[in-house]
Amino acid sequence: MVMDFNHKEIEAKWQQRWKDAGVFKAKAEADKKKYYVLEMFPYPSGKLHMGHVRNYSIGDVVARTRRAMGYNVLYPMGWDAFGLPAENAAIKANVHPADWTYKNIKQMREQLQALGYSYDWDRELATCHPGYFRWEQKLFTQMADRGLAYRKSSFVNWCADCATVLANEQVEDGRCWRCSSEVEQKELVQWFFKITDYTEELLADIEKLHGGWPEKVLTMQRNWIGRSEGALVRFPLDRPEGDTTHIEIFTTRPDTLWGVTFMSLAAEHPLALQLAAGTGREEEVAAFVKKVRNEDKINRTSDDYEKEGVFTGRYVTNPVTGKKAPVYIANFVLMDYGTGAVMAVPAHDQRDFYFAQKYGIPMEVVIKGESTPDDASLLTEAYVDAGTMVNSGPFTGVPNEEGKSRVIGYLKEMGYGDSTINYRLRDWGISRQRYWGAPIPMIHCEKCGIVKVPEEQLPVTLPDDINWADHTSGSPLAAHPTWKHVACPVCGEPALRDTDTMDTFMESSWYFLRYTSPRHETGIFDKEAANYWMGVDQYIGGVEHAVMHLLYARFFTKVLRDLGHVDLDEPFNRLLTQGMVTMEAQKCPTHGWLFPEEVTKDHACTQCGAPVERGRVEKMSKSKKNVVDPMKYIDTFGADTVRFFMLSDSPPERDLEWSDAGVEGTSKFINKVWRIATAFLEAAPECGELGTSEIRKVAHRAVKKVTEDIERFHFNTAIAEIRVLFNELGTVKPASPSEWADYREALAMGIRLIAPFASHMAEELWERLGHSELLTNFSWPIHDEELLKEAEFLLVVQVNGKVRDRINVPADAAEDQVKELVLASPKIQELIAGKTLRKFIYIPKRLANVVAN
RNA sequence: GCGGUUGUGGCGGAAUUGGUAGACGCGCUAGAUUCAGGUUCUAGUGGGCAUACGCCUGUGAGGGUUCGAGUCCCUCCAACCGCACCA
């Protein structure tokens, strides 16, 4: 009797068997070609969502297929376990962040295991474990030794009530997300990583990633680094400020130097307050500077931010013209780009144009396009395009593009300035006034200064006894009564630990290397293992990490290389950014956004019966309630069905719309495969010698197509081909022992092809087909090209480019013979009757086009 | 504003190099099975015209190259994503 596929029993059975057999354990074997598949590891929120399921289902297909193709596969999983949610849970529910995190890890591990992914669980790691962050602390000290980690003062979002730094995304409308008090910009001394030492290499090596990474991500990285070539120009001050005699500016438009009519400084510029001293404008300038500095970044970068400024009462001299230009403080000038000072050319820069209009500053045209007026007062906007330099001393008449480099040469010669390259990329501030992170392994001693924690004292672990009820005293580590007090490792006198923890982006910047030797005890990771397994052959994750995580991981890889830990320039050879899982959001006029289960089949609200408004199809999110719980579907339909569906509807890099109908359809197909296979086993037909019946050809074609499609990540078309094969297996009626042998081969091939997608069912059917060895250990099927050769092929015949006929042609027919057959076709004869044959185009095995008029 | 991606049936999508547009699936229609619903099976399903063999038309819009264009080139439109006072 043919039974429906019992997913619960069969999935549990094979998960246990795989575990017992240890089939997914990775071992470095020099004689085998390695393949490292990695998904971006999750934050252990405690609950798997559909985005995870999609991400890992893609990776598992890659891992299983590569294993079957004979590669030595490393496919690990772990937890990005430090971070704010654990600390928030601690404050809210008075649970220790570690307890909360480990409980979540346990839950999520169980969920992942229920999905049957082929991870090597022996390599699992959690970044909050001292065995992990110990090496991160060691690395930090090594970076500090090399000057790659240093302290400097910078402006940060600061909440005075909570006494802590806030990330930009934790500032809402200029207020603290937690206590709603106003956020200030505060200057604070923090640890930084000198990522800017690697700017050029990070930029140049992007070229190595073409083809392997999505262009979009490479562009984002390039833009983030933001290289721009230009000039530094020194403008003499009207009178010196201490040792400062000049103000230095950065410009990409040295060709407009003759059109400078004023200068703008950032409010944070070191000279901003000093300049006004003694000019009678001190108060106005001080008030403006204070106002700008206290504005939060979100406000400052909003669209309608009004350009404002204040005159300092001081002047600089334009070195090339000798003209005086007033110095302003302007709110749109950024201290962290260039030198924080800008030469203003209102005729050729839109911002300067607005500013000059507002404050009645003169303008001067120095670049002329075809219809640029001579008189700047006739301009309605800045002219920013190419043109000819005018009123520019020795450069008048020079095309401005050529002028850029010639002016720089002139500046050098005269000693006014130099060429330079400026970057947008800033050093990476990593200090966090948080508890749930890796402590910065540094000690502040009054006598010895800043001293690193000696290696034998690592790891510096977190104290457990934190008073979570009191979160107003700021950093939990700073507030802890004893933890920070320690003897200076150099002089032995009382000293203080650094009470900041490291940015959690650090853990994800090297975890892929630790996976290669996750329990290594004598160093950050085993160099030999890292050299064997790295780089990651296929990395898979969300595009939201396109800049930060991937840039930091690339940076760390280069640092680790330079510290001698690994021989590697780039960590990820290939990157796939998978699309989001989306779903229609639904809203009730009175009850707001509704979960899918709060909506009836007729699109009415279950609470009030009102018709729901259909929202956009967008990323599943708790706020829009357009979410479904993967575990619910796994319980109902099984892991095979959910995973199969995740891959069957859309190519992986595109968004996938979740659909209950789609999952049900997939479930029907899984059951169909089960029925076809069990019906065959039930019938137990006599199988003779293999023949050449049609079903064999279909199967071998499927093997070819599925193999190619998986290789290019077109899982949806691979699945379509698998369906074609099983549709055929469901209809053919073998009539002889030879045909049954063909059928049996085709069925076995189908099971092997479906194994990466519906792994549990495939194993079960494989066993029932009489194999004692695990399907997981079998190699990938290979098609026989001979079988795909046909005696005849169907030739499409066009007349003047339009399809008019299809005729059968012997496979070995030469062009002349084909032409004869085509012209002999009654249909074609009729269509070209009375016309002259102009041309005969033949694309072998595909198409013939008769051109006649 | 700058940069990128994507536009193909009612819907998700296919078409690897310029060569039969719509594979595969969802949905829908009809029929078979079933007491009924579901399941399963069979057939059909871009639009228009035609009783029919067929014919015309069709890949966001418009132009071009070519024997032949979803695919290449030019112009435009729309949606989405990223960055954005970067001097």
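Labels below follow one simple rule: chain letters A, B, ... track the order of the sequence lines, proteins then strands, and each chain is numbered from 1.
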Quiz prompt | Partner residues of A:E308 under the salt bridge (Lys or Arg N to Asp or Glu O under 4.0 Å) criterion, sequence neighbours left out | solution = A:K291
Quiz item: Can the ring centroids of A:F311 and A:Y359 be said to lie less than 6.0 angstrom from one another?
Solution: no
Self-check item: Rounded distance in Å between the C1' positions of B:rA52 and B:rU59
Solution: 30 Å
Would you list the protein and nucleotides 17-19 of chain B atom pairs, both N or O, that sit under 3.5 Å from each other?
unit_1	atom_1	unit_2	atom_2	d
B:rG19	N2	A:Q798	OE1	3.3

Exercise. For B:rA15 versus B:rC72, give the span between their P atoms, rounded off to a whole number of Å.
Key: 14 Å
Quiz item: Got a minute to check which stems RNA chain B is part of, using Watson-Crick or G-U wobble pairs under 3.5 Å, three or more consecutive?
Solution: B:1-7 with B:77-83, B:10-12 with B:24-26, B:27-32 with B:40-45, B:46-49 with B:54-57, B:60-64 with B:72-76
Practice problem: Classify the nucleic acid contact of A:T731 as base, sugar-phosphate or nothing, counting any heavy atom under 4.0 Å across all strands shown. | Solution: sugar-phosphate
Self-check item: Non-neighbouring partners of A:F645 that pass ring pair (Phe, Tyr, Trp, His ring centres under 6.0 Å), sequence neighbours left out
Solution: A:W658
Quiz item: Charged N to carboxylate O under 4.0 angstrom, A:K624 versus A:E618?
Solution: yes
Quiz item: For A:D805 and A:S825, what are the C-alpha separation, side-chain angles and deciding distance, and is it a side-chain hydrogen bond (donor to acceptor under 3.5 Å, both in side chains)?
Solution: CA-CA 8 Å; A:D805 199 6; A:S825 148; 2.8 Å; yes
Quiz item: Cation over ring, A:R424 on A:W224, under 6.0 Å and within 45°?
Solution: yes
Quiz item: For atom P, what is the distance between B:rG4 and B:rC76, given to the nearest Å?
Solution: 15 Å
Exercise. Classify the side-chain pair A:T717/A:D709 by whether it contains a donor and acceptor separated by less than 3.5 Å.
Key: yes
Practice problem: Would you mind reading off the distance between A:F5 atom CZ and B:rU40 atom P, rounded to a whole angstrom? | Solution: 16 Å
Exercise. Return the set of residues passing ring pair (Phe, Tyr, Trp, His ring centres under 6.0 Å) with A:F669 (not counting sequence neighbours), or none when no residue passes.
Key: A:F644
Exercise. State which residues pass ring pair (Phe, Tyr, Trp, His ring centres under 6.0 Å) with A:F288; sequence neighbours excluded, sorted by chain then number.
Key: none
Quiz item: When you measure from every atom of RNA chain B, which of residues 698-706 of chain A have a heavy atom less than 4.0 Å away?
Solution: none
Quiz prompt | B:rG68 and B:rU5, which share atom name P, separated by this distance in whole Å | solution = 30 Å
Quiz item: Looking for any heavy atom pair under 4.0 Å, which part of the strands does A:R654 touch: base, sugar-phosphate only, or nothing?
Solution: sugar-phosphate
Practice problem: Quick one: pull up CE in A:M749 and CG in A:L725 and give me the separation to the nearest 0.5 Å. | Solution: 9.5 Å
Quiz item: A:P214 near the nucleic acid: base, sugar-phosphate alone, or nothing, with a heavy-atom cut-off under 4.0 Å?
Solution: nothing
Quiz prompt | Non-neighbouring partners of A:R234 that pass salt bridge (Lys or Arg N to Asp or Glu O under 4.0 Å), sequence neighbours left out | solution = A:E248
Practice problem: Quick one: list whatever passes ring pair (Phe, Tyr, Trp, His ring centres under 6.0 Å) with A:F505, sequence neighbours left out. | Solution: A:Y552
What nitrogen or oxygen pairs link the protein and nucleotides 79-81 of chain B at under 3.5 Å?
unit_1	atom_1	unit_2	atom_2	d
B:rC80	OP1	A:R616	NH1	3.4

Between protein and nucleic acid, restricted to nucleotides 22-28 of chain B and to nitrogen or oxygen atoms under 3.5 Å apart, what atom pairs and distances do you find?
unit_1	atom_1	unit_2	atom_2	d
B:rG25	OP1	A:N727	ND2	3.0

Quiz item: Under the salt bridge (Lys or Arg N to Asp or Glu O under 4.0 Å) test, which residues partner A:E664, sequence neighbours left out?
Solution: none
Quiz item: When the P atoms of B:rU6 and B:rA50 are considered, how many whole Å apart are they?
Solution: 41 Å
Quiz item: Given B:rC55, is OP1 or OP2 found less than 4.0 Å from the side-chain N or O atoms of A:R804?
Solution: yes
Exercise. Just call it for A:R426: base, sugar-phosphate, or nothing, with non-hydrogen atoms closer than 4.0 Å on any strand.
Key: nothing
